[in-house]
2 protein chains.
Amino acid sequence: MDRTNEILKSIGEKCTEQRRLILKAILELAKPVSADEVYEYLSDTNSVGRTTVYRTLELFEQKKLVRRVIFRDGIMRYESTHLGHHHHLICLSCGKVFPIESCTIVSLDESIIDEFDFLVTEHFLELYGYCKNCRKGEKK
Amino acid sequence: MDRTNEILKSIGEKCTEQRRLILKAILELAKPVSADEVYEYLSDTNSVGRTTVYRTLELFEQKKLVRRVIFRDGIMRYESTHLGHHHHLICLSCGKVFPIESCTIVSLDESIIDEFDFLVTEHFLELYGYCKNCRKGEKK
DNA sequence: ATCTAAATGAAACTAAATTTCATTTAGATG
DNA sequence: CATCTAAATGAAATTTAGTTTCATTTAGAT
Ligand SMILES: [Mn+2]
Ligand SMILES: [Mn+2]
Ligand SMILES: [Zn+2]
Ligand SMILES: [Zn+2]
């Protein structure tokens, strides 16, 4: 029946109301969000405790339903892995986050083993600047 | 006389014993370090308080003597700006950090404005994996 | 040598995240 | 369906990184 139920079953974990709600929130929010943002998002339903949000996001990370994203403020955020590997544009003015789905870094990853004798297994790139909207009316 | 004194004068800030020691530590450690790592490094001299370390690193960042570096653990680290813009290889096994001095991303930065109408002003790339040493003896 | 605005640091505080532990519950079993 | 138990939950306590406050000290100007 419910989409979230399916997903929880597919990872072989117990289906609880809390887990369903947290997963739903992550899917609906559709951007990197902190545990507290998930908690706030669900606060009106009043059915999930903070601790459970933290724990559940950790579980989801292990089960690869979400990935952890760290921006310059150091806060742990999580986003659905529904979108594959990608990078982020983050607006320094309004904070909006835009995904860049193409990744030109993979070839770099591979050259590193030759040049540095270092085996790259993952990489994170974030680009900061100013979005279209926030540049409106500013002298170009 | 002292190298650190020169530098502090050059940024037009008061030369205090604490600032000299913190700057010296940053230069000697020559890698991204947290305020607490600087504090520990100086703990034997017993001449700098934790608060001063935090505040001084912040000052140094404003004055562009150091830059802030955030890895996956979200802890604020600082490194000398002596080395220009570069990226990091971080070993997931031993934690060692290696700089990659060439940056192939700048051209990406420029293409973003056309593709996303987003003006990139800075970017951060970190590559995680396993260094030469930590791969010793492992099946390739 | 004197003076003062700035710097320092101990202690209090904040915010994010983790741990503890008593209570509840999903879902397996009969 | 009723019973049972290991797992999940959440309030509260704790930890950790970082910030703020404020009384005291000090760099360096005069
Ligand atoms: Mn994303
Ligand atoms: Mn570096
Ligand atoms: Zn914006
Ligand atoms: Zn290593």
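Convention: sequence-line order gives letters A, B, ...; per-chain numbering from 1. What you see is a predicted model; the values in this text were computed from it and never measured.
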Spacing between A:L21 atom CG and D:dA8 atom C1', to the nearest angstrom: 14 Å
NZ/NE/NH1/NH2 to OD/OE distance under 4.0 Å, B:D2 and B:K24: no
Base D:dG18 paired with B:R55 side chain (donor-acceptor, <3.5 Å): no
A:T56 vs B:D36, nearer the 5' end of DNA chain D by closest nucleotide: A:T56
B:R19 vs C:dT8: side-chain N/O to OP1/OP2 distance below 4.0 Å: yes
Whole angstrom value for the distance that separates C1' of C:dA17 from CD of A:E61: 14 Å
Axial cation check for A:Y130 ring with A:R135, 6.0 Å and 45° limits: no
Value in whole Å for how far the P atom of C:dA7 lies from CG of B:L59: 7 Å
Value in whole Å for how far the C1' atom of C:dA7 lies from CZ of B:F60: 12 Å
C:dA17 phosphate, OP1 or OP2, under 4.0 Å from A:Y54 side-chain N/O: yes
For D:dT25, the Watson-Crick or wobble partner whose two distances fall under 3.5 Å: C:dA6
Heavy-atom closest pair, residues A:V66 and A:I26: CG1-CG2, 4.0 Å
Cationic N near anionic O, under 4.0 Å, B:R67 to B:E79: yes
Ion pair check, B:E17 and B:R20, cut-off under 4.0 Å: yes
Rounded distance (Å) that lies between atom C1' of D:dG18 and atom CZ of B:R77: 14 Å
Per-nucleotide protein contact string for nucleotides 23-30 of chain C (B base, S sugar-phosphate only, - none; heavy atom under 4.0 Å): ---BS---
Nearest-angstrom distance from the residue atom CG of B:N46 to P of C:dG9: 10 Å
Whole angstrom value for the distance that separates C1' of D:dA17 from OH of B:Y39: 15 Å
Distance-minimising heavy-atom pair for B:V38 and B:A25: CG1-CB, 4.2 Å
Axial cation check for B:F71 ring with B:R77, 6.0 Å and 45° limits: no
D:dT30 - base-pair partner by Watson-Crick or wobble geometry, distances under 3.5 Å: C:dA1
Interatomic distance where CG belongs to A:D73 and C1' belongs to C:dT14 [whole Å]: 16 Å
